[in-house]
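Letters A, B, ... mirror the listed sequences (proteins, then strands); counts begin at 1.
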Amino acid sequence: MMENISWLLDIVVFFAVYLIVTLALNLQYGYTGIPNFGLALSVATGAYTTGALAGRIGMWICGIRSDLDYIMYNPMITSMINSAIRYDPLKGLTIFFSTIIIVVIVSAIIGFIASYPAIRLRADYLMMVLIAMAEAARIIGLNYTPLVGGTTWVSVPNVFIWMGDMASQFLIITILAISILIFLFMQYLVSSPYGRLIKAVRENELTAECVGKDVVKVKIQIMMLGSAIAGIAGSLWSFYCGTVLAAAYTRTDWTFWPWLMAMIGGMGNNIGALVGVATVIICRRLIIYYKYSLEAYIPFSVVWLEQILLALALILVMMFRPQGIIPEKPAKPKIKKTSQQ
Amino acid sequence: MDVMLEVKDLTKKFGEFRAVDNVSMSIERGKITLLVGPNGSGKTTLLNCIIGVYRPEYGRVIYDNIDITGRKPHEIVKMGLIPTFQIPSPFYKLTVLENLLLAYQGNPGESIIKCILKNSWIKSESEALDKAFRILDLLELADSYDKLAFTLSGGQLKLLEIGRALMANPKMIVMDEPAGSVNPVLAHRIFQDLRKIKDELGVTLLVVEHRLDIALDYVDYVYAMHMGKIISQGSPERVFNDEKVIEAYLGGVT
Ligand SMILES: Nc1ncnc2c1ncn2[C@@H]1O[C@H](COP(=O)(O)OP(=O)(O)O)[C@@H](O)[C@H]1O
Ligand SMILES: [Mg+2]
């Protein structure tokens, strides 16, 4: 029974974190037409910032000797912080929320820097620059040890440790709540005039310019907002894992999976993103669960089954339903009736 | 003469080819000025230089006494100089209504911050809606307001181009073949509409058309262009009877 629940909770975290990343991608590509193939950059920024700062903020808040080397004494420092906040929810929450606020700011700035050189160019050039930036971030994470320990990991304080046995469940509920809030925020944003504006930029940049819209400014804003949101996902994921390992922020996990989810669900609509995330996660779990019972029937190692089936799913979606499970719907004017009277 | 737009010694080159070659023109405020010329004479390129899509190699564009040479289209549009395109370029996957609403200027809801505060933009949005439906009525597009733009016919798309320009608080509209590639009946209707719009709103119009006969009755002044140069200018009668213009058209046929 307990085991089933923790299995379920694990899926919930997965769902919540990937929902946030996919919503960020959907904002950038689905609504605004910026093909961000460097999505992993923002997730990594969020994770690395959390790894580098949550503990350091904790040291400062809990008054731990600041001459200790953060990376070398990391396990010790983390357990000192954890014991300092065991009976002090305020300190725990302060570490959690101040880290996330800093993550939002840092990710937005990195999103700006990464896209600035190419944001005026054609989408395919921007795409290549973003891929390169994401790879660069991972290489920096792996080699610049003061950040998150390079090839070893740093641990992240257990900011809900004051909840006792329920700490991890409480963290999961918080993560889910944040993802729902972000979903609602996105829905609100895209149904406002600003949402119409970003779709116009996607549809035709020149026409958007010629009705007085500053296209470059809008694209920079969306790169920054999307990066900030994806950064939050990286941060939440780090709090959940309790560690940050630089090598884990690969393009497969944090660029290609979200692209697959967004495309299967349907680009340019947030409900589609939600359905896509749920579909892919459930399929992955089922494949992982059942693949060894199929071992006798398939001619290759079952290890690859997951990747092969999902790639196949993507190809089928592209061939037979390129608009995804839930296609974009035209907007209805909300106040038409009143205004016509 | 009260000049709304002045083009001075403008040259635009593609490589070594001068698509617009040392062109000067003065457009009078509150009038409809026509720019004619056979295909390939450089009319579209000239308009693109005026509205900031291209940056000319030489020369200046003065709009309402302000030098706008080299400014970006969105800055120029905010000053009230609005373009429409030869090939209709709507936001295809948005509705006709949304296409118009996007051309409305100064909606606070289009700011990334203010869009969150519905109170800050709801008034502006409903003004934009009123204006959009008035324009749709005028252009007889009201029935199609919730259709996606790509489902419209060619003629309707031409009207939508005009509607978008009207939405944007124009002081002056530069129109690239607003009646191009539509049948003569609709073409005449479009020019009648333009005349009506000009009289009602007091806007200045610079209109491109490559057929000589269609626009004759509706315009106040004409420039004729050929191979990147202005070859004739004056009243419609004068320009359309000018030997050089007739020759340019006949030459274009062979
Ligand atoms: N982007 C471009 N690159 C190279 N040549 C161009 C370009 N645009 C137009 N031209 C050339 O410039 C000339 C003028 O074209 P254009 O301005 O479209 O003429 P018009 O609108 O009068 O038919 C044509 O010979 C055309 O081939
Ligand atoms: Mg042309």
Side-chain angles (χ1 to χ4, degrees), chain A residues 27 30-33 108 120 184-226 228 267-269 323 327-341, chain B residues 51-53 72-80 82-85 88-95 97-118 121-122 124-133 145-150 161 164-165 167-169:
Chain A
L27 177 72
Y31 284 99
T32 320
R120 288 171 180 75
L184 295 175
F185 170 73
M186 288 299 201
Q187 282 294 70
Y188 190 79
L189 186 86
V190 299
S191 54
S192 77
Y194 188 76
R196 189 167 65 214
L197 170 62
I198 60 179
K199 285 191 222 167
V201 169
R202 175 193 70 190
E203 289 299 305
N204 194 327
E205 290 188 14
L206 181 60
T207 306
E209 274 280 330
C210 290
V211 289
K213 314 303 176 199
D214 189 342
V215 169
V216 170
K217 186 173 110 188
V218 171
K219 291 201 322 192
I220 288 175
Q221 287 173 344
I222 290 296
M223 273 310 293
M224 292 178 73
L225 179 60
M267 283 286 186
N269 109 54
Q323 70 275 43
E328 183 177 353
K329 283 190 199 65
K332 291 266 174 285
K334 291 207 181 68
I335 46 178
K336 190 203 141 210
K337 289 267 151 41
T338 53
S339 69
Q340 262 193 328
Q341 283 159 7
Chain B
I51 62 164
V53 171
K72 292 175 121 204
H74 73 88
E75 298 171 288
I76 294 174
V77 167
K78 287 196 187 95
M79 300 167 73
I82 322 287
T84 72
F85 298 114
S89 313
F91 306 111
Y92 276 110
K93 285 208 284 184
L94 302 187
T95 64
L97 181 63
E98 285 179 297
N99 267 272
L100 289 191
L101 293 176
L102 275 158
Y104 188 78
Q105 301 298 305
N107 187 340
E110 286 181 357
S111 136
I112 189 168
I113 307 288
K114 287 191 190 143
C115 73
I116 299 158
L117 311 165
K118 200 166 187 172
W121 54 261
I122 197 75
S124 192
E125 179 81 356
S126 80
E127 281 165 12
L129 276 164
D130 284 341
K131 188 168 179 182
F133 275 105
Y145 80 94
D146 60 348
K147 282 197 189 144
L148 298 183
F150 73 85
E161 283 290 306
R164 214 176 50 211
M167 212 42 209
N169 283 342

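Per-residue heavy-atom pair counts under 4.5 Å with chain A were compared for B:Met79, B:Lys78, B:Glu98, and the maximum is reached by B:Glu98. The candidate with the highest count of non-hydrogen atom pairs below 4.5 Å against chain B, out of A:Glu328, A:Glu209, A:Arg202, is A:Glu209. The candidate with the highest count of non-hydrogen atom pairs below 4.5 Å against chain A, out of B:Ser111, B:Pro108, B:Ala168, is B:Ser111.
Atom OG1 of A:Thr207 sits about 7.0 Å away from atom CD of B:Glu161, to the nearest 0.5 Å. With values rounded to the nearest 0.5 angstrom, A:Ser192 atom OG is found 13.0 Å from B:Lys114 atom NZ. Considering CG of A:Asn204 and CG of B:Leu102, their distance stands at 11.5 Å, rounded to 0.5 Å.
Within the 4.5 angstrom heavy-atom criterion, atoms from both the backbone and the side chain of B:Ser89 approach chain A. Interface residue B:Ile116: backbone and side-chain heavy atoms are both found under 4.5 Å from chain A. Contact of B:Pro90 with chain A is made through the backbone alone, with heavy-atom distances under 4.5 Å. If you measure heavy-atom distances from A:Ile198 to chain B, you find no contacts under 4.5 Å at all. In this structure, chain B has a heavy atom under 4.5 Å from the side chain of A:Val216, while its backbone stays farther away. Only the backbone of B:Tyr104 comes within less than 4.5 Å of a heavy atom in chain A; its side chain stays farther off.
With A:Pro330 as the partner, the side-chain contact (heavy atoms from CB on, under 4.5 Å) test is satisfied by one option alone out of B:Leu148, B:Leu94, B:Asp146: B:Leu148.
For the pair B:Asn107 and A:Arg196, the minimum side-chain heavy-atom distance is below 4.5 Å. Considering only heavy atoms from C-beta on, B:Cys115 comes within 4.5 Å of A:Leu189 through its side chain. Contact annotation: the side chain of B:Ile51 approaches that of A:Cys210 to within less than 4.5 Å [non-hydrogen atoms, C-beta and beyond]. Contact check for B:His74 versus A:Lys217: no side-chain heavy atoms found under the 4.5 Å cut-off.
Judged as a side-chain hydrogen bond (donor to acceptor under 3.5 Å, both in side chains), and not counting sequence neighbours, A:Asn269 has no contacts. Take A:Gln221 and apply the side-chain hydrogen bond (donor to acceptor under 3.5 Å, both in side chains) test, not counting sequence neighbours, and it matches A:Tyr194.
Shown here for A:Gly212 and B:Gln105, the closest heavy-atom pair between the two residues is CA-OE1, 4.3 Å. Minimum interatomic distance between A:Leu225 and B:Ile112 (heavy atoms only, all atoms of both residues): CD2-CD1, 4.2 Å. Across all their heavy atoms, B:Phe91 and A:Val211 have their closest contact at CZ-CG2, 4.2 Å.
Looking only at distances, no side-chain donor or acceptor of B:Tyr92 sits under 3.5 Å from a matching main-chain atom of A:Glu203.
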